[in-house]
S.K.: 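Supplied in structure tokens, the structure appears directly below.
Per chain, numbering begins at 1; letters A, B, ... match sequence-line order.
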Amino acid sequence: MDSSFFDDVFAVVRLIPKGRVTSYGAIARYLGTGKSARLVGWAMNASHSTDPTIPAHRVLNRNGMLTGKHHFGSPDTMQKLLEAEGVEVVDDQVQDFKARYWDPNEELQL
DNA sequence: ACGCTGACTATTA
DNA sequence: CTAATAGCCAGCG
């Protein structure tokens, strides 16, 4: 398979449990990109090109803010999806973000 | 081939 | 405490 940075990002995002969220930096660090969290978010841009759509709505910034909500079909889609999974979102921010934070480095126990 | 942009993060003022 | 700047990697024109 093409060991593309995108594929790795998609793989991790797909591993995110329902009702959990993670940050771009966490994924970036897990992939080894480390300081390039932008690439992760940017890779999400291709999430709509994948076969199973990538749950990009589970990926937020370090503050738990729905920074990329505007990149979905509608700016309300992201929040709607999160709420559908049991994640409280207020003012484009995830409540109890720390409790719902899912770190691949921790959960996957690299 | 060069330069710009981008769904971020961390540091400094 | 908040605001602004620098660093980063990869695709696209």
S.K.: To the nearest 0.5 angstrom, please state how far the CG atom of A:Leu82 sits from the CG atom of A:Leu60.
M.R.: 6.0 Å

S.K.: Can you tell me how far P of B:dA7 sits from CG of A:Leu82, to the nearest Å?
M.R.: 18 Å

S.K.: Checking A:Leu15 against A:Tyr30 for the side chain to side chain contact (heavy atoms under 4.5 Å, CB included) test, could you report, in this order, the C-alpha distance in whole Å, the side-chain angles of both residues, the deciding distance, and whether it holds?
M.R.: CA-CA 13 Å; A:Leu15 291 171; A:Tyr30 175 73; 5.9 Å; no

S.K.: Would you kindly give the OH-to-C1' distance between A:Tyr24 and B:dG6, to the nearest whole Å?
M.R.: 11 Å

S.K.: With a 6.0 Å cut-off (strictly less than), is the heavy-atom count around CD of A:Gln95, excluding the residue itself, greater than 12?
M.R.: yes

S.K.: With rounding to the nearest 0.5 Å, note down the distance linking OG1 in A:Thr50 to CZ in A:Phe6.
M.R.: 11.5 Å

S.K.: Would you name the heavy atoms of A:Pro75 and A:His70 that are closest together and state the gap between them?
M.R.: CB-CD2, 3.9 Å

S.K.: Taking A:Glu85 first and then A:Arg20, would you say they form a salt bridge - that is, a charged N and a carboxylate O separated by under 4.0 Å?
M.R.: no

S.K.: Calculate, to the nearest 0.5 Å, the distance between atoms CZ and NZ belonging to A:Phe72 and A:Lys80 respectively.
M.R.: 13.5 Å

S.K.: Is it true that a side-chain atom of A:His48 and a backbone atom of A:Asn45 form a donor plus acceptor pair closer than 3.5 Å?
M.R.: yes

S.K.: If you take any heavy atom closer than 4.0 Å to DNA chain B, which residues from residues 10-21 of chain A end up in contact?
M.R.: none

S.K.: Counting only heavy atoms and a strict 4.0 angstrom limit, can you tell me which residues of residues 46-56 of chain A come near DNA chain B?
M.R.: A:Ser47, A:Ala56

S.K.: Whole angstrom is fine here: how far is it from CG in A:Leu39 over to P in C:dC8?
M.R.: 12 Å

S.K.: Is there a residue in residues 61-75 of chain A whose heavy atoms reach under 4.0 Å of DNA chain B, and which residues are they?
M.R.: A:Asn61, A:Arg62, A:Thr67, A:Gly68, A:His71, A:Phe72

S.K.: Between C1' on C:dA10 and CG on A:Asp7, what's the gap in Å once rounded to a whole number?
M.R.: 14 Å

S.K.: Tell me, with the steps shown, if A:Val59 and A:Val21 meet side chain to side chain contact (heavy atoms under 4.5 Å, CB included).
M.R.: CA-CA 6 Å; A:Val59 187; A:Val21 290; over 6 Å; no

S.K.: Measure CG/A:Asp103 against C1'/B:dT9 and give the value in whole Å, please.
M.R.: 14 Å

S.K.: As an exercise, state the distance from CD of A:Gln93 to CG of A:Asn61, rounded to the nearest 0.5 Å.
M.R.: 8.5 Å

S.K.: Look at the side chain of A:Lys35 and decide which nucleotide, out of B:dT9, C:dC9, C:dC8, has an atom nearest to it.
M.R.: C:dC8

S.K.: Taking only the side-chain heavy atoms of A:Ala37 (C-beta and beyond), determine which of C:dA10, B:dT9, B:dA7 contains the nearest atom.
M.R.: B:dT9

S.K.: Within 45° of the ring axis of A:Phe97 and under 6.0 Å from its six-membered ring centre, is that where the NZ or CZ of A:Arg62 lies?
M.R.: no

S.K.: Rounded to whole angstrom units, what separation is found between the CZ atom of A:Phe6 and the C1' atom of B:dG6?
M.R.: 11 Å

S.K.: Provide, to the nearest angstrom, the distance between the CZ atom belonging to A:Phe5 and the P atom belonging to C:dC8.
M.R.: 16 Å

S.K.: Please report the distance, rounded to the nearest Å, between CG in A:Leu60 and C1' in B:dT9.
M.R.: 15 Å

